[in-house]
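All ligand and atom numbering here is 1-based and tracks the order in the structure. Every value quoted in this text rests on a predicted model; they were computed, and no experiment measured them.
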Amino acid sequence: MMAILIDGKQTAADIRAGLKQDIASLVNECGKKPCLAVVLIGDNPASQVYVRNKVAACAELGIESREVLRDASITEDELLSILAALNTDPAVNGILVQLPLPKHIDEKKVLYSMDPAKDVDGFHPFNIGRMMIGDTDVFLPCTPFGCQELISRVMPDTAGKHLVVVGRSNIVGKPMANMMVQKNRNANCIVTICHTAAPDLSVYTRQADILVAACGVPRFITAPMVKDGVVVIDVGMNRIDDVANPGKTRLVGDVDFDAVKDKALAITPVPGGVGPMTIAMLMKNTVRAFRIQNGM
Ligand code: GUN
């Protein structure tokens with residue numbers, strides 16, 4: 001059996017096209033453009049690429065972006081005062097601080113200082129907490145939000161399905177599990193979060209009707225770890241040496257795609273799966289912030 005390839009690139013393009021139309025009519029109505037502030041500290045090459053892609057998506061959709069680029073030597077206080085200014089700037093609807101931050105800066109302190117109404121990444125504990133208790137009018141963290149959207153394309157009714165998340169990060173694993181266990185969303189799953197402390201992870205992964213791999217280990221999920229007919233969402237973005245092209249690197253996921261695709265009902269590729277969805281959902285959250293802040 002060859003799995004359905006879940007085309008995140010196309011799905012994200014469709015979502016962006018819909019948002020572009022929404023934005024055009026919002027701008028027409030109120031004469032202002034949505035604005036996203038993107039804060040990047042230091043010169044982490046992966047973060048630079050992510051930020052460039054986020055800024056490009058804003059330009060494509062008619063969202064203004066304000067890039068705040070600072071050297072890694074910035075102090076925590078300086079960064080906190082940048083955020084305080086963005087929080088009170090009425091022209092800024094959404095704020096994103098690209099992670100990771102340099103080690104000398106307390107990431108939590110920075111994220112907690114953000115106005116939850118502008119937290120389009122959905123990382124502020126106020127938004128996470130409200131999401132966890134089932135509120136639906138919150139900013140959902142963009143990567144799990146995008147994963148949920150992809151799952152719904154191949155499995156419109158997930159009620160009672162067993163979703164297994166490998167990885168417990170605050171950005172993906174924990175919010176993913178919380179979103180999918182909710183009764184009042186397109187979710188209602190039985191959920192397991194598992195991680196590397198398990199002596200044998202396949203005990204859990206083999207039970208999955210939907211498997212979300214977000215552990216950050218290249219090709220960690222192998223064919224014997226999944227059951228036939230599983231829906232696989234691969235959040236991994238691992239850069240490894242490309243053996244076919246010495247001196248070059250390539251991007252692979254947390255799933256051994258070539259082997260797992262023969263057992264799966266549906267699977268996301270890397271690249272072209274979850275990655276583009278994260279940005280599309282960030283744009284969606286930004287438009288939502290703009291609407292709310294303008295009473296629209
Ligand atoms: N670093 C890795 N993923 C993300 C994300 O979704 N948002 C931010 N701000 N930083 C990240």
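- Gln182 contributes a side-chain N or O that, together with a main-chain N or O of Met132, makes up a donor-acceptor pair within less than 3.5 Å.
- When only modelled atom types and interatomic distance are considered, Asp71 and Ser73 share a side-chain donor-acceptor pair under 3.5 Å.
- At distances below 3.5 Å, not a single donor-acceptor pair connects side-chain atoms of His162 with backbone N or O atoms of Ala208.
- Residue-level contacts of ligand 1 at the 4.0 Å heavy-atom threshold are Lys54, Leu96, Val97, Gln98, Leu99, Asp121, Phe123.
- Inspection of the Ser81 and Glu78 side chains reveals no N or O donor paired with an N or O acceptor under 3.5 Å.
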Extract all donor-acceptor atom pairs below 3.5 Å that involve side chains of residues 28-45 and protein atoms in other chains or at least two apart in sequence.
{"residue": "Lys32", "atom": "NZ", "partner": "Asn294", "partner atom": "OD1", "Å": "2.5"}
{"residue": "Asn44", "atom": "OD1", "partner": "Ala46", "partner atom": "N", "Å": "2.9"}
{"residue": "Asn44", "atom": "OD1", "partner": "Ser47", "partner atom": "N", "Å": "3.2"}

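- A donor-acceptor pair shorter than 3.5 Å cannot be found between the side chains of Lys118 and Gln293.
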